[in-house]
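If you're wondering where the values come from, they're calculated on a predicted model, not measured in any experiment. Chain naming here is simple, since letters A, B, ... match the order of the sequence lines and numbering starts at 1 in each. Note that these values count all heavy atoms, side chains included, but never hydrogens, waters or copies made by symmetry.
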Protein chains: 2
Amino acid sequence: MYSISEIAEKVDISAHTLRYYEKEGIIDPIRNDQGIRQFDEQHLKWLQFVKKLRETQMPVSQIKEYTRLFLEGEHTANARLRLLEDHQQFIRDQIETLLATDEMLTRKISTYKELMEKSLMK
Amino acid sequence: MYSISEIAEKVDISAHTLRYYEKEGIIDPIRNDQGIRQFDEQHLKWLQFVKKLRETQMPVSQIKEYTRLFLEGEHTANARLRLLEDHQQFIRDQIETLLATDEMLTRKISTYKELMEKSLMK
DNA sequence: GTTTGACTTAGAGTGCACTCAAACGTCTAC
DNA sequence: GTAGACGTTTGAGTGCACTCTAAGTCAAAC
């Protein structure tokens, strides 16, 4: 069992943000008799998954939706699958955009470097 | 020469956003005698470049900085080069993250699909 | 000649995702 | 027994990047 600051460090998400995620229904830690949040291995795994989704720009609203479906049970598997497939497509499009800009920058950077060599020769 | 709405359509950036970029110093269209913004081919190229930077999450503040350096002249070439190289590194890190999450999703999606085949067999 | 539509401005509003503040509770160490 | 570390809550604040509103100007179309 981890306290909020322990899990915050483990998943590298601030305690502030974890409380915000709880308010949004994305995570639901157990409370001990002092009302203090306790996170277990399941919570850890879930947060690592959530983090990957956020790092790849899935909106919090969609993560909420995924969580809601998950909690609703087995019969929402299809809907969850669709969400994940859509996000995978988004990721692949994003990779395309990044690769194209990477190439553009490579060209631009080499132009800059040539320019500087020329100015050195003067 | 293009009006704001024409260039907006050409680069697919809203006229609102273009005015905002102008206020931020990222673009500086010519004005005709009615005070109406006129964009030429140079502006078009610049905006296409800016768009690629924004699409790959370069903050507006950094694009401002790049623009400022560009307008300052030749002697800032080094600083501009550094900005572009930093952004390229950012892009490459981002690609890594996206690829890792893509793989994770591929695994998760196939688990979902297996699960659904099993439930079909019942 | 008036209506339509595109343009202008300054400044306010929006949505997202945090991020922080303030006031308070509770456990542990000295 | 009190200081300090860490926890709690509600609700407000922040930063970013737009996005829109309101009030006005101006030229061409009917």
Subject >> Heavy-atom donor-acceptor pair, A/T101 side chain to A/L98 backbone, under 3.5 Å >> reply: no
Original post:
Got a donor-acceptor contact below 3.5 angstrom from the A/S3 side chain to the A/E6 backbone?
Top reply: yes
Nearest whole Å is fine: how far is [N] [atom2] from [X] [atom1]?
X     : N      : atom1 : atom2 : result
A/I4  : C/dT19 : CD1   : P     : 14 Å
B/Y20 : C/dT8  : OH    : P     : 18 Å
B/M1  : C/dC7  : CE    : C1'   : 16 Å
A/N32 : C/dT26 : CG    : P     : 12 Å
A/L18 : C/dT19 : CG    : P     : 12 Å
B/H16 : C/dG11 : NE2   : P     : 17 Å
B/E24 : C/dA10 : CD    : P     : 13 Å

**OP:** Look at all strands and tell whether B/R54 reaches a base, only sugar-phosphate, or nothing, counting heavy atoms closer than 4.0 Å.
**Re:** sugar-phosphate
Original post:
Which part of the nucleic acid, if any, lies within contact of A/S5, taking any heavy atom under 4.0 Å across all strands shown: a base, the sugar-phosphate backbone alone, or nothing?
Top reply: sugar-phosphate
Original post:
Nearest nucleotide by nearest heavy atom, which residue falls closer to the 5' end of DNA chain D, A/I36 or B/V60?
Top reply: A/I36
Subject >> Residue whose nearest DNA chain D nucleotide is more 5′ - B/M58 or B/Q34 >> reply: B/M58
**OP:** Using a 4.5 Å cut-off on heavy atoms from C-beta on, say whether the side chain of B/I30 contacts that of B/M1.
**Re:** yes
**OP:** Kindly indicate whether a cation-pi arrangement holds for A/K108 with B/F49, taking the cut-offs as under 6.0 Å to the six-membered ring centre and within 45° of the axis.
**Re:** yes
Original post:
Looking at A/K113 and A/E117, does any basic side-chain N land under 4.0 Å from a carboxylate oxygen?
Top reply: no
Subject >> Interatomic spacing from CG in B/L105 to CG in A/D86 - rounded to 0.5 Å >> reply: 11.0 Å
Original post:
If you round to the nearest 0.5 Å, how far is CZ of B/R92 from CG of A/L99?
Top reply: 10.0 Å
Subject >> Nucleotide range of DNA chain D lying under 4.0 Å from chain B heavy atoms >> reply: D/dA17 to D/dA27
**OP:** Tell me which nucleotide among C/dT9, C/dC7, C/dC18 gets nearest to the side chain of B/R37.
**Re:** C/dT9
**OP:** Kindly say if B/S3 contacts the phosphate of C/dC7, meaning a side-chain N or O under 4.0 Å from OP1 or OP2.
**Re:** yes
Original post:
Within the structure, does a side-chain N or O atom of B/R31 lie under 4.0 Å from either OP1 or OP2 of C/dC7?
Top reply: no
